[in-house]
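Let me begin by presenting the structure, written as structure tokens, before commenting on it.
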Amino acid sequence: MKFVKFTFALIVSMSFSLEVFAQNIDINTPINIPSRKLYFAYGQTYKVKLDRTFSRLAKEGFNNFYFVGIERQFNEKILNIQSVLLIGTLKTRGNRFNTLNNYAGAIKMRIMRQSEKLSKSDFSVHTGINLIGRGDVWFPQIEDLRYAWDIYLGAGWSTSIRFRISSELFVQNDFDISLLGILWRSHNNGQQLSTEEIQLENGIIAAALETPNFSHPLNTQYIDNSLKLYNVVSGKFYMYYNFNLSYSYLKLPLVKKGYELTNSIGLTYRF
């Protein structure tokens, strides 16, 4: 119910901005003109996680979502760099022993080129690759030695589809999927004595990167799909509403999977 209310509030806020800030822009102007953009956004992420390190019970809860990005767009190419930070608590219904403090973040670079066959003046399709570093850390509020982590560094496939609805509105769909990389994970039971020894001798970074695993689609899946609705505020500023759906599935030695549903409101500055 909280997720529904939050989503409704964001949509109402975005609808209000459409009426108040809409400006007239020539609809014949191509959607892919060269530009540089800064992105800022804040919202709420509803997370559902299954992690056998802590139990077979799913953990869920709202996390704060912070987003900063920069984009350089040429006539046919796009270079996009973005960072995400998630902070919050995940709980298990009726079980206080599985309450987790959750911290997650990612830095992603997307390099894409426009498809000439599929693109038009008001519709464009870009495809390319992404380079990404991401991490998830869980700290149980009880039994502190059971914390765990997943740190991923790799590359994948990206697409970006942009369509102009009117002179004031356009939508953008971004899709990213991981293909190859390295995944660092904690041991089967989370923090263990061997990890503690490495941490004491060489530091927390050495402990986190203790056991690397080759990552590929058969054992590691990270999928992100973002749908943004942009409203032109002026020649330099856009407001946007973003709904993002993320899915992760990590196999042995620990099975972890989950969903993230994010609603956020953002501001884009074009310069």
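Just so you know, these numbers come straight off a predicted model, no measurement behind them.
- For Trp184 against Glu210, the heavy-atom pair with the smallest separation is CD1-N, 4.3 Å.
- Inter-residue side-chain proximity for Thr159 and Met112 is flagged as unmet; no heavy-atom pair is nearer than 4.5 Å.
- In this structure, CG on Asn231 lies 5.5 Å from CG on Leu169, to the nearest 0.5 angstrom.
- The minimum heavy-atom distance between His126 and Glu76, with the atom names listed, is CD2-O, 3.7 Å.
- Note on Ile111: it clusters hydrophobically with Leu179, by side-chain heavy-atom contacts below 4.5 Å among ILVMFWY residues.
- A donor-acceptor pair under 3.5 Å is formed between the side chain of Ser178 and the backbone N or O of Tyr222.
- Here the closest heavy-atom approach between residue Ala206 and residue Asn202 is recorded as CB-CB, 3.6 Å.
- The heavy-atom pair separating Ser215 from Ile182 by the smallest distance is CB-N, 4.1 Å.
- The shortest distance between side-chain heavy atoms of Met239 and Ile265 falls below 4.5 Å.
- For Phe67, there are no ring pair (Phe, Tyr, Trp, His ring centres under 6.0 Å) partners at least two apart in sequence or on another chain.
- Using bins of under 30°, 30° to 60° and over 60° for the plane-to-plane angle, the ring pair Tyr230/Tyr240 lands in the tilted bin.
- Note that CG of Leu100 and NZ of Lys47 are 10.0 Å apart. Values are rounded to the nearest 0.5 Å.
- At a threshold of 4.5 Å between non-hydrogen side-chain atoms, the residues Ser248 and Lys256 do not count as touching.
- Inspection of the Lys228 and Ser226 side chains reveals an N or O donor paired with an N or O acceptor under 3.5 Å.
- Phe163 and Leu118 fall within the same hydrophobic cluster, defined by Ile, Leu, Val, Met, Phe, Trp and Tyr side-chain heavy atoms under 4.5 Å apart, directly or through other members.
- When side chains are defined from C-beta on, Asp224 counts as touching Arg134, because their heavy atoms get closer than 4.5 Å.
- Considering only heavy atoms from C-beta on, Asn102 stays 4.5 Å or farther from Lys59 through its side chain.
- Put simply, the side chain of Val171 reaches to within 4.5 Å of the side chain of Ile165, judged on heavy atoms.
- Using modelled atom types, one finds no donor on one side chain facing an acceptor on the other under 3.5 Å when comparing Ser119 with Ser124.
- A donor-acceptor contact under 3.5 angstrom links the side chains of Tyr42 and Asn64, judged on distance only.
- Leu209 is not connected to Leu200 by any chain of hydrophobic side-chain contacts under 4.5 Å among Ile, Leu, Val, Met, Phe, Trp and Tyr, and they are in different clusters.
- In this structure the side chain of Leu90 reaches within 4.5 angstrom of the side chain of Asn63, judged on heavy atoms.
- Panel note: side chain Ser35, backbone Gln73; no donor-acceptor pair is recorded below 3.5 Å.
- Taken from OG1 in Thr45 to CZ in Phe65, the straight-line distance is 5.5 Å, to the nearest 0.5 Å.
- You'll find the ring centres of Tyr269 and Phe237 inside the 6.0 Å limit.
- Using cut-offs of 30° and 60° on the angle between ring planes, the pair Phe170 and Tyr238 is perpendicular.
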* Would you check, one step at a time, whether the test salt bridge (Lys or Arg N to Asp or Glu O under 4.0 Å) holds for Asp174 with Lys108? => CA-CA 13 Å; Asp174 295 327; Lys108 181 189 303 182; over 6 Å; no
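- For Ile205, the CD1 atom counts as loosely surrounded, since its 6.0 Å shell holds 12 or fewer non-hydrogen atoms of other residues, nucleotides or ligands.
- Ile177 and Leu183 sit in two unconnected hydrophobic clusters of ILVMFWY residues. Membership requires side-chain heavy atoms under 4.5 Å apart, directly or through other members.
- No side-chain donor from either of Asn244 and Thr262 sits under 3.5 Å from a side-chain acceptor of the other.
- With rounding to the nearest 0.5 angstrom, the CD atom of Gln44 is 10.0 Å from the CG atom of Leu86.
- Within the 4.5 Å cutoff, side-chain heavy atoms of Trp157 are placed close to those of Thr127.
- Following chains of ILVMFWY side-chain contacts shorter than 4.5 Å, one cannot reach Ile161 starting from Leu227, and the two form parts of different hydrophobic clusters.
- The backbone N or O of Lys120 sits nowhere less than 3.5 Å from a side-chain atom of Asp122 that would complete a donor-acceptor pair.
- The shortest non-hydrogen separation linking Arg110 to Phe175 is NH2-O, 3.6 Å.
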* Asked: Could you walk me through whether Tyr247 and Gln221 pass the side chain to side chain donor-acceptor pair (under 3.5 Å) check?
  -> CA-CA 8 Å; Tyr247 172 74; Gln221 297 177 21; 4.9 Å; no
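- The minimum heavy-atom distance linking Trp149 with Ala207 is given by the pair CZ2-O, 3.3 Å.
- Here the CD1 atom belonging to Ile107 is positioned 10.5 Å from the CG atom belonging to Leu85, to the nearest 0.5 angstrom.
- Salt bridge annotation for Arg162-Glu71: present, with a cationic side-chain nitrogen under 4.0 angstrom from a carboxylate oxygen.
- Separation of atoms OH (Tyr152) and CD1 (Ile132) is listed at 7.5 Å; rounding is to 0.5 Å.
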